[in-house]
*Asks:* 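Take this structure, written in structure tokens, and hold onto it; I'll ask about it next.
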Amino acid sequence: MSGAIRKNAREEIRITLDDFKGLQLVNLRVWFDTGNGEYRPGKQGLAFRLDLLPEVLKALGALEGGAA
């Protein structure tokens with residue numbers, strides 16, 4: 001399962017569901033265009049356990065509503 005959001009002309013944020021040592025992790029990583037159309041992962045990113053996703057979505061929803 002994955003998705004991508006265009007960040008700017010050279011970068012995109014890729015969101016994946018990965019398995020690491022038996023844990024399901026949501027992984028958000030910035031990928032960049034190397035200049036020849038090939039994308040590579042950058043250093044910027046975040047990974048957290050899938051069971052934390054409802055809390056993350058709740059916090060993002062609060063930001064979207066202006067209740068930061």
*Asks:* Hey, what do you get for CG (Leu25) to CG (Leu53), rounding to the nearest 0.5 Å?
*Replies:* 12.0 Å
*Asks:* First locate atom OG1 of Thr16, then atom CG of Leu28, and finally report the distance between them rounded to the nearest 0.5 Å.
*Replies:* 8.0 Å
*Asks:* How close do Arg29 and Gly45 get, heavy atom to heavy atom, and via which atoms?
*Replies:* NH1-CA, 3.4 Å
*Asks:* Same cluster or not: are Val30 and Tyr39 linked, directly or through other Ile, Leu, Val, Met, Phe, Trp or Tyr residues, by side-chain heavy atoms under 4.5 angstrom apart?
*Replies:* no
*Asks:* Nearest 0.5 Å please: distance from the OG1 atom of Thr34 over to the CZ atom of Arg10.
*Replies:* 9.0 Å
*Asks:* Starting at CD of Glu11, measure out to CG of Asn8 and round the result to the nearest 0.5 Å.
*Replies:* 4.5 Å
*Asks:* Kindly determine whether Gln24 and Asp18 satisfy side-chain contact (heavy atoms from CB on, under 4.5 Å), including the steps that lead there.
*Replies:* CA-CA 6 Å; Gln24 286 192 304; Asp18 301 318; over 6 Å; no
*Asks:* Applying a strict under-4.5 Å side-chain criterion to I, L, V, M, F, W and Y, I'd like to know whether Leu63 and Ile15 cluster together.
*Replies:* yes
*Asks:* Who pairs with Glu38 by side chain to side chain donor-acceptor pair (under 3.5 Å), at least two apart in sequence or on another chain?
*Replies:* Arg40
*Asks:* Taking the basic N atoms (NZ, or NE/NH1/NH2) and the acidic carboxylate oxygens, is any pair closer than 4.0 Å for Lys7 and Glu12?
*Replies:* no
*Asks:* Report the residues that fulfil side chain to side chain donor-acceptor pair (under 3.5 Å) with Asp19, sequence neighbours left out, ordered by chain and then residue number.
*Replies:* none
*Asks:* Let me check something: do Ile5 and Phe32 share a hydrophobic cluster, defined by ILVMFWY side-chain heavy atoms less than 4.5 Å apart, either directly or through other members?
*Replies:* no
*Asks:* Quick one: do Leu17 and Leu23 end up in the same hydrophobic cluster if we chain Ile, Leu, Val, Met, Phe, Trp and Tyr together by side-chain heavy atoms under 4.5 Å apart?
*Replies:* no
*Asks:* Out of curiosity, Leu50 CG to Asn27 CG, how far, rounded to the nearest 0.5 Å?
*Replies:* 12.5 Å
